[in-house]
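Inspection log for the structure reproduced underneath, given as structure tokens.
In listed order, ligands and their atoms are each counted from 1.
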Amino acid sequence: MRYLELPGAGRMPALGLGTWKMGESAGHRVAEVAAVRAAIEMGYRLIDTAEMYGEGGAEEVVGQAVAEALRAGDVRREELFIVSKVYPHNASRSGTPAACARSLARLGLDHVDLYLLHWRGEHPLAETCEALRALVARGRIHRWGVSNFDTDDLEELAALGSDCAANQVYYSAAERGPEFSLLPWQRERGMPLMAYSPIDQGALAADAGLQKIARRLGVGAAQLALAWVLAQPGVAAIPKAVREAHLRDNLAAAALALDPDVLAEIDRLHPAPRRKKPLAMI
Ligand code: NAP
């Protein structure tokens, strides 16, 4: 597994497992726990979740899978990098620690490795930062970061301090908006960009242009899309998958090195933006 350096100290796996849409129905729970468990067995070390996903249901799925994996000796806690997120409406001075405590209870953990503000909301950033820093001081979270922040939001945040560890945004071979100013801004400061929906919620598996190149390389189009995201310096990706074949394909994609001519072909297919666009959100 490749790792990205985090600002200050520490590191984060470049590939993780997303969990949005998990924990929404009791009928899917067994399969979802098995998927997260299988991912850990295969070598995934970063798991991305949020209090929003299944209104806590996804955190419960992750908690059960992690507990089983730890009990079975598949992994040690310190090898895992668990990411969760606070709802903007909870991100007040008192609401943030309360939300974090609920997340930790559902996850069955004493800390998360990275805790993100899911998107900007009504609470002043300074208040949320203060609450997140207090959680770091108490050891309930090891680092904090943000999600769906564009360059101007990060500028505003930087004025409050430089300890934001990461920004998670929508970024894929077909959604390249962050490349215009956000990704360069983050690279300059050594702050990893976590790409969410890196295969456009599965849609890039059916992208005709990517399929053509992928066939030639003997891989799947989703794998090619994922390898493209992971080839961008300073970028981590968190594809979600429940199907075991998808989990395996995505892990294998992280080991794919794309030649410059393949990268150029993808660039022609889905060009980089020429001007600033509002940050896309899913
Ligand atoms: P995604 O990872 O781009 O795509 C997930 C979909 O693609 C699932 O339907 C999955 O199917 C399918 N898939 C996975 N691997 C595949 C492969 N190799 N070939 C073909 N299909 C494949 O979309 P996402 O779930 O929206 O984004 C990933 C994660 O980012 C989320 O789960 C969540 O953790 C995070 N996220 C964060 C935000 C935010 O605001 N911070 C927003 C969106 C997402 P199966 O599940 O059936 O295997």
Checking contacts here: is it the side chain or the backbone of Lys21 that comes within 4.0 Å of ligand 1, counting heavy atoms only? Could be both or neither.
neither
Just to verify, what does Glu78 make a salt bridge (Lys or Arg N to Asp or Glu O under 4.0 Å) with, not counting sequence neighbours?
Arg76
For ligand 1 and Arg243, I'd like to know whether there is a polar contact (N/O to N/O, distance under 3.5 Å).
yes
With heavy-atom distances below 4.0 Å as the criterion, list the atoms of ligand 1 near Lys85.
41 (N)
Return yes if a side-chain donor-acceptor contact under 3.5 Å exists between Trp20 and Gln201, otherwise no.
no
Using a plain distance cutoff, I'd like to know if Val242 has any nitrogen or oxygen under 3.5 Å from a nitrogen or oxygen of ligand 1.
yes
Ligand 1 contact on Asn250 by region, counting heavy-atom pairs under 4.0 Å:
side chain
Is a donor from one side chain sitting under 3.5 angstrom from an acceptor on the other, for Tyr170 and Asn148?
no
From Asp150, Asp153, Thr128, residue fulfilling side-chain hydrogen bond (donor to acceptor under 3.5 Å, both in side chains) relative to Arg120:
Asp153
Contact region, Pro198 to ligand 1, non-hydrogen atoms below 4.0 Å, reads both
Counting from 1 in the order shown, the ligand 1 atoms closer than 4.0 Å to a non-hydrogen atom of Ile238 are 28 (C), 29 (C), 30 (O), 35 (C)
Of the backbone atoms (N, CA, C, O) and the side-chain heavy atoms from C-beta on, which set of Ser147 has a member under 4.0 Å from an atom of ligand 1: side chain, backbone, both, or neither?
side chain
Enter the distance from Phe81:CZ to Asp48:CG here, rounded to the nearest 0.5 Å.
10.5 Å
Going by the 4.0 angstrom heavy-atom rule, the piece of Tyr53 near ligand 1 is side chain
Check: Arg93 main-chain N/O paired with Glu130 side-chain donor or acceptor under 3.5 Å:
no
Does an N or O anywhere in Ile199 fall below 3.5 Å from an N or O of ligand 1?
yes
Any heavy atom of Tyr170 closer to ligand 1 than 4.0 angstrom?
no
Heavy-atom contacts with His118 under 4.0 Å: which atoms of ligand 1 show up? List them by number with element.
39 (C), 40 (O), 41 (N)
Going by the rule salt bridge (Lys or Arg N to Asp or Glu O under 4.0 Å), which residues pair with Arg77 if we only count those two or more places apart in sequence or in a different chain?
Asp113
Are the side chain of Arg187 and the backbone N or O of Gly234 linked by a donor-acceptor pair below 3.5 Å?
no
Per-atom contacts of ligand 1 with Gln168, taking only distances under 4.0 Å to non-hydrogen atoms:
35 (C), 36 (N), 37 (C), 38 (C), 39 (C), 41 (N)
Quick one: look at Ser197 and ligand 1, take heavy-atom pairs under 4.0 Å, and tell me if it's side chain, backbone, both or neither.
both
Note: Leu226, heavy atoms under 4.0 Å from ligand 1, region reported as neither
Could you tell me how the ring of Tyr53 sits relative to the ring of His118: parallel (under 30°), tilted (30 to 60°) or perpendicular (over 60°)?
perpendicular
Taking a cutoff of less than 4.0 Å between a non-hydrogen atom of the residue and any ligand atom, is Gln201 in contact with ligand 1?
yes
